[in-house]
Amino acid sequence: MAMIEIKDVSKWYGSFQVLTDCTTSVEKGEVIVVCGPSGSGKSTLIKTVNALEPVQKGDIFVDGVKVNDPKTNLPKLRARVGMVFQHFELFPHLTVRQNLSLAQTLVLGRAQREADERGLRYLDRVGLASHKDKFPGQLSGGQQQRVAIARALSMDPICMLFDEPTSALDPEMINEVLEVMQQLATEGMTMMVVTHEMGFANRVANRVIFMDAGHIVEDAPKAEFFGKPRSERAQQFLAKILHH
Amino acid sequence: MNYHWNWKIFWDLTPEGSGTYLHTLLVGLMWTLATALAAWVIALALGAVIGVLRTAPRKWAERFCNGYVELFRNIPLLVQMFLWFFVLPELLPKHLGDAIKQMPPPWASYVPAVLCLGFFTSARVAEQVRAGIQALPRGQRMAGTALGLTLPQTYRYVILPMTFRIILPPLTSEFLNIIKNSSVALTIGVIELTAAARAMQEFSFQVFEAFTGATVLYILTNIVVIYGMRWVERRLAIPGFIGPAIRTGGH
């Protein structure tokens, strides 16, 4: 059984269709990179996986649990799916340590001490242990994003969603975030990553999904995608972003 | 101008024999504060709830709260004061209406005045809260939700702590307004500071001294509020985010 399954998913904003019959899946331990031009629906697609965006048609399963079922306990499901946002979305009024422990205590019911210990362990893994008492506003963008990754990992997720995690970063900070993600992939984390970082995709991804105008145009193993994409649209896209 | 100035009037005894004129004004100030503070508690509590519901994903709640805000901010405060004092007791079941009318003296005026000011100001606070919530990046709510927080938890731990920090300066203005607006309560018989100054003027004919006294007391009170709120702002300032250091506008 796949960790994430997306079946014939369609979504409309009013009369505008943003997703059209999208079907794909992510196996346990797999790393999938989703790419495509802006407005192609890739961020929307990844947000449907933990129901941040509702869908009007199709089915989504995470670890066998149907996401778009009104009976599903969504907070419980979301707590098991880590998510990293383009703009980090750390809580600015809480210290790094509090950012890491908030959902652990509120959602998982962990004691404050246990939550702090676990949070600090992941903070150490992303190399920021010494910043635990700072506020997000006192950190650089790259540091904030690494804290956001540690915050998601502290919840012991069964898979991780990344929504353009490096798009808002200065060039010199992109690598520190990609390194953390690459490390995570090596450890076997199931990951679905929306990104334009084709170098990362080439190094880390198992499969690459290419989206255009709400359709999944290409869904191929990495070697095949970078070797010779079948669709003309993907060929054009690759030519543009690889040769600049 | 043929006016007999007499600044010592404040230390003269009133004809009522209840103390000096200064004492009359200070008792008035006490009622101003008692009215404004009690109403402020109502305004903050109700305003927060209504403001939150206006941003919650429930259509009926949003509509109800929009109606609430428009109702209380589009009727003049003076008219609302009369409605609470004269009209409401008649609309309630008879025994309840009578019970309100028969409350012993200061309370029969004080209670409607507090309710009126509280509800009136709550509509304005609700508007600030709504604007503050909508000023936050949408991703904050998503991040809370994605971590598994329920909607109430997301509001309680993520959205509202930031919202109240953002809206502290306009809330300070509302706090000052509620103190000044409490003077309207004199029309339904609360002997607050403005009413006390009028009483002093009527007994002593020293109209300038009486209202100068009231003016000074209002200004002193509001200066205390302004400094108090600045202290709160500094206490709640977040390093690297918002704080007095980068706040530019005044009140």
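- Between chain B and the residues Pro92(A), Ala79(A), Ala103(A), Gly137(A), the most heavy-atom pairs under 4.5 angstrom are made by Pro92(A).
- A donor-acceptor pair is defined here as one N or O able to donate and one able to accept, closer than 3.5 Å; no such pair exists between the side chain of His93(A) and the backbone of Ile159(B).
- Taking every heavy atom of both residues into account, Ala146(B) and Asn50(A) meet most closely at CB-ND2, 3.9 Å.
- Contact count against chain B (heavy-atom pairs under 4.5 Å) is highest for Arg151(A) among Arg151(A), Gln86(A), Met155(A).
- Heavy atoms of Leu106(A) lying under 4.5 Å from chain B belong to its backbone as well as its side chain.
- In this structure, the portion of Phe85(A) lying under 4.5 Å from any heavy atom of chain B is its side chain and not its backbone.
- For Tyr13(A), the OH atom is densely surrounded, since the number of other residues' heavy atoms within 6.0 Å is greater than 12.
- Within the 4.5 Å cutoff, the side chain of Met142(B) has no heavy atoms near those of the Met83(A) side chain.
- Between the CD atom in Glu89(A) and the CZ atom in Arg141(B) there is a gap of 12.0 Å [rounded to 0.5 Å].
- To the nearest 0.5 Å, the span separating OG1 on Thr145(B) from CG on Leu74(A) amounts to 10.0 Å.
- No more than 12 heavy atoms of other residues, nucleotides or ligands shown are found within 6.0 angstrom of NZ on Lys28(A).
- In this structure, the portion of Glu53(A) lying under 4.5 Å from any heavy atom of chain B is its side chain and not its backbone.
- Contacts between Lys134(A) and chain B at a heavy-atom distance below 4.5 Å are absent for every atom of the residue.
- In this structure, chain B has a heavy atom under 4.5 Å from the backbone of Leu90(A), while its side chain stays farther away.
- Within 6.0 Å of CZ on Arg80(A) lie no more than 12 heavy atoms contributed by other residues, nucleotides or ligands.
- Within the 4.5 Å cutoff, side-chain heavy atoms of Leu147(B) are placed close to those of Phe91(A).
- For a residue to count as touching a neighbouring chain, one of its non-hydrogen atoms must lie under 4.5 Å from one of that chain's; by this rule Gln140(B) touches chain A with backbone and side chain alike.
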